[in-house]
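Just so we're clear, the structure is a prediction, and the values are computed from it rather than from any experiment. First listed ligand is number 1; within each ligand, the first listed atom is number 1. Scope of the values below: all heavy atoms of this structure, side chains included, with no hydrogens, waters or symmetry mates.
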Amino acid sequence: MPNMTPKTNGRGVQVEDTKICVVMVGLPARGKSYIAQRGNYRRNDAPQPSADFFDTANAEGERRRRAAAEAAFADMLGWFREGGVIGIFDATNSTKDRRKWVSDMCAREGIEVLFVESKCDNEELIMANIRDVKTTSPDYQGQDPEAAALDFRNRIKHYEKVYKTIDEDGDESHYTYLKMMDVGSQVIINRIQDYLQSRVVYYLMNLHIRPRSVWLSRHGESMFNLSGRIGGDADLSPRGHQYASKLPELVRQSVGDNRPLTVWTSTLKRTIATARFLPENYNQLQWKALDELDAGVCDGMTYQEIKDAYPEDFVARDEDKYNYRYRGGESYRDVVIRLEPIIMELERSEDILIVTHQAILRCIYAYFMKKDQSLSPWMNVPLHCLIKLTPRAYGTDEERYQADIPAVSTWRGKGSTAKHEDPIPEANMSH
Ligand SMILES: O=P(O)(O)OC[C@H]1O[C@@](CO)(OP(=O)(O)O)[C@@H](O)[C@@H]1O
């Protein structure tokens, strides 16, 4: 008889029911938005507010900030009710009152609160953050960078008047929190109580805000790509080999000469062969976790063969491609879970080039571009194209470098079995 006892976190709450609101705390220019990369409710309401808006003595500013916080919060509650598990509330939340308000509101809804405070008194780091990040913020779009930096310094002064760090010994000592000093040089964690909270803390401790980019490429066209077969461990096609020879030049164009990269491939021949001409001073690492989605019994088949042999599976996969698990294989959801160590390592690392597979790149791309993972299985990630992603505080910048070497399209539309089709236009594919 299977064990039907629900899993609990030791406090009688089913683990599956755990919902966490991550509440950012800290003065502006401490990297909070970089960490959270979420929440622009206040920005919707006051698209380009001046420093006055943040003046705590300005009653109208305070009213609008409060209204924006409430709107953001209400929206987040709606999202939790629809099944969301982790929400991020990105604001300064710099007073005890505001934190108590969030804490009480969440308690009422059965949502756990994890405060994440980013403390930084290092003037150099603060100024670097203002220059690098804030002048590219939507608040300052189209404004003179010097004026923007000045306005921002004034904005911080308003917050400094009321800012209170989380009180470790007094009436906030019961909160669950993570306090980061000077961008992670010291970290205090308090009352981390369950599995999900510990995963979030682990993730946050891996984040850094040093500038870096991640380059993504599929392997060169493979013999299986040519014949429309999925999975397998095929060699590169002649055009795939051409791409491998061209990749060092594409990378040099994008990265420059003096910036060594670390290269990650899967353990499959087609990715290793694609990376083989990259400079010798690039460290190369093979990850099993980067291997292509396991198609189980369908490995090595064409889509037409799958449709003939497993018609119901073929339809079921198109109906819910994210959750459909191949017989004896994997679903996209499984892939996202197995990519967790890759994502953690990516967050800890600086410049990395990843040469991997269509399904894997869809998941990694969706992670960085904040796309809905459940839609990622339908994205078009073309062959013979290098993608550069640069995470910033307000989103991720993307550049693409085409190798100009023809390749088949492996993108397949819903219901179709065709192996080469025109992909849907870029604008529609990635959300
Ligand atoms: O999830 P779908 O859209 O079927 O795409 C995944 C497929 O992409 C392919 C190509 O069709 O990746 P890859 O080029 O790495 O071989 C298949 O091996 C893999 O099964």
Open item on the list: Per the ring pair (Phe, Tyr, Trp, His ring centres under 6.0 Å) rule, what does the pair list look like for residues 209-244, sequence neighbours excluded?
Closed with: His219-His357, Tyr243-His384
TODO: Might you list the protein residues in contact with ligand 1, defined as having a heavy atom under 4.0 Å from one of its atoms, sorted by chain and number?
DONE: Arg218, His219, Asn225, Ile230, Gly231, Arg270, Glu292, Tyr303, Arg317, Lys321, Tyr332, His357, Gln358, Arg362, Thr410
Task: Pairing of Arg412 and Asp318 as salt bridge, 4.0 angstrom limit - done: yes
Open item on the list: Side chains of Tyr367 and Glu347: any donor to acceptor distance under 3.5 Å?
Closed with: yes
Task: side chain to side chain donor-acceptor pair (under 3.5 Å) against Asn206, all qualifying residues, sequence neighbours excluded - done: Arg348
Open item on the list: Under the ring pair (Phe, Tyr, Trp, His ring centres under 6.0 Å) definition, can you give me all pairs with a residue in residues 251-282, not counting sequence neighbours?
Closed with: Trp264-Trp287
Open item on the list: Regarding Thr165 and Glu117, do their side chains bring together a donor and an acceptor under 3.5 Å, going by distance alone?
Closed with: yes
